[in-house]
Amino acid sequence: MRSLRILVLLGLVGHLLQGLASPASPGRLIAEMSAYAQSGTYAEVVRFCRDLERTHPMAAKCTQLGVSEQGRDIKALVVSKTGVLDAATAKRRKLPVLLVIGGTHAGEIDGKDAGLILMRELLADKGPQNPLNHLVVVFVPVFNVDGHEARSRFSRPNQNGPLETGQRTNALRINLNRDWMLSQAHEMRAMLTLVQQWDPLATLDLHVTDGLRFRHDVSVSISSHHGAGPLVKKDAQTVLDAALAHLRGLGHDPLGFYPQLKDVNDPGLGVIVEADAPRFSHVYANLRNRMGFLIEDHAWAPYAQRVVTCKHTLLSFFQVIASMRNELMHSAAQTDAQTERMAGQELPLLWVNAIDIEPTKPAPRVALKGYAYQVFDDAPVVGGRGIAYDTSKHQDWSVPFYGELLPIADSTVKLPAAGYVIPTEWTGLIKPLLQLHGIRFSHIAKDQVAQSMEVMRVDPRQVIYDTDSFQGKQRTSVMGRWSAQSATVMKGSIFIPIEQPKAILVAHLLEPSAPDSLSSWGWFNAAYETSDYVADHRELELIRWMHEGNPLIGQIYGDALAQQLPQIRQGFEERLAKDEAFRLDPQARVDYWMSFLPSQDPDLFKYPIMRSNGLLSQGRPARRK
Ligand SMILES: [Zn+2]
């Protein structure tokens, strides 16, 4: 009760300070004025953004990247001391652009306050070491603005301040850091448009961990598995290592991976690294051949400390990227060029932690700075397993480290020689998504029968629908077999050349085995639904006619089938005689006969997207020089 009263008092003081601060004061944030007990509302962000622009008109621009689901403006602050504050000039002058995102999960709000304070300090700094002398930073202080305004004292139960925080999802309850591929949310569509405009060399997405107790104050993840070629992957690791070294120099204790406990009730059993999918910002960046860093402050550090950690983390990345800018820009361009030449190459699309493939393989150990803890087999009060940490006692842990990620063999595809074809009827849904992702495509100008196509038949036994909803969707896993054949391609269909810098992103959207493909998000479920059938009595009637050689079969299905009926019957008799399982299975006997008749629904289980391995008439865009 006592602590609750103090919290309430702090809240009142915070509100008072907020009120006092509102008319002027570009200088200090509510967070600073309340000794980090509070974080301001979104109105403060808008004011601060405009004030920085007013104070530094040559080095800061307060822009709007879009509107939230509830109609709030989403602000982006562009800062640079290069004299360039617009995307077109940045691109023309080949300046490195960094995208910094705060408040994707609006309760994890360190990045907003840390970023705003850092921008204020860097803008005031006239020194030669200022990384803004070389970089353009596009800072979105709060991505999930509606979630930010849905404030509560209880939305972050595993986090040490500030007093009130926003919620994790947007107003439609979409988790924005799972929405980078599907972009269901207004906010994400605005963000993808910004990404197309600015083409950031690196994305820094600012979060807070979700509960594990340890003494490391920040962990940073990159995608070492999905996406980009070796140059960008190597660069991301180099930048990460250098930024972590820089952070250590500032007195921090960072980790270069996001640890999750293998068993939430016993750290001694090891930590595991998840094979994050492209729906996360840091993996998505890699699919575009750019670097992505997922930055997670440690939730149990006090808010004041977390904001400093986040500010130093940003500064470390800015410094490192500024110092390596030329080679990093070169690698990104080279990787784009290499990705354009991926036709026919193999690409693994689904990765998992090695433990899922080789569960008994011994793991190396990792040293972590933790706390003393007690594992219960019969937890107090509630019984069952449980754990209690004693944060008054530091303890160094040496625990198994399950950090190896491996591709699932079945998920590896051979990219088509030419590209993918989206049939006309699907373009209305898919084209807006291609545009949002900046994928090049062209329209087929006339109906044609295209040779060198591949069509996939999905195996009915391998269509598995998730029982739970995720992001409001029922996800689907399908497997099938691509086969070479000619196919009708109608006017208005879309051809997506594989020869483009976003070839990996294209494959991840269109290949069914990819974890965030349209297929995996359930877009094509209708292709696997039986919508019409042959009634049992009609099947029996047709089978009896076939069996007795009734001329009606010839009249309905043609002479060719009628002439085969004696052999079909003979095959049936032979199988009956030697295959007992067949003889005892009426459905198998029905299926035998019906398999000789044309299907009433030939498109059932046909995957809608086609691969193309040859030229399509008038479909191929001119080769980009
Ligand atoms: Zn988060």
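For ligands, and for the atoms within them, numbers begin at 1 and follow the listed sequence.
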Item checked: Qualifying residue for side-chain contact (heavy atoms from CB on, under 4.5 Å) with Val79, from Val137, Leu98, Leu118 -> Val137

Next item on the list: Can you label the angle between the Tyr284 ring and the His437 ring as parallel, tilted or perpendicular, going by 30° and 60°?
Entry: tilted

Margin query: Which atom name does His105 have for its N/O/S atom nearest to the Zn ion (ligand 1)?
Written below: ND1

Next item on the list: Verify the distance test for Glu108 against the Zn ion (ligand 1): any N/O/S atom under 2.8 Å, yes or no.
Entry: yes

Item checked: Among the N, O or S atoms of His207, the one nearest the Zn ion (ligand 1) -> ND1

Next item on the list: Determine which pairs satisfy side chain to side chain donor-acceptor pair (under 3.5 Å) with at least one residue from residues 509-518, sequence neighbours left out, and list them in order.
Entry: Arg279-Asp516, Tyr420-Glu511, Glu511-Arg611, Asp516-Trp521, Ser517-Ser520

Item checked: side-chain contact (heavy atoms from CB on, under 4.5 Å) partners of Gln237, counting only residues at least two apart -> Ile222, Leu240, Asp241

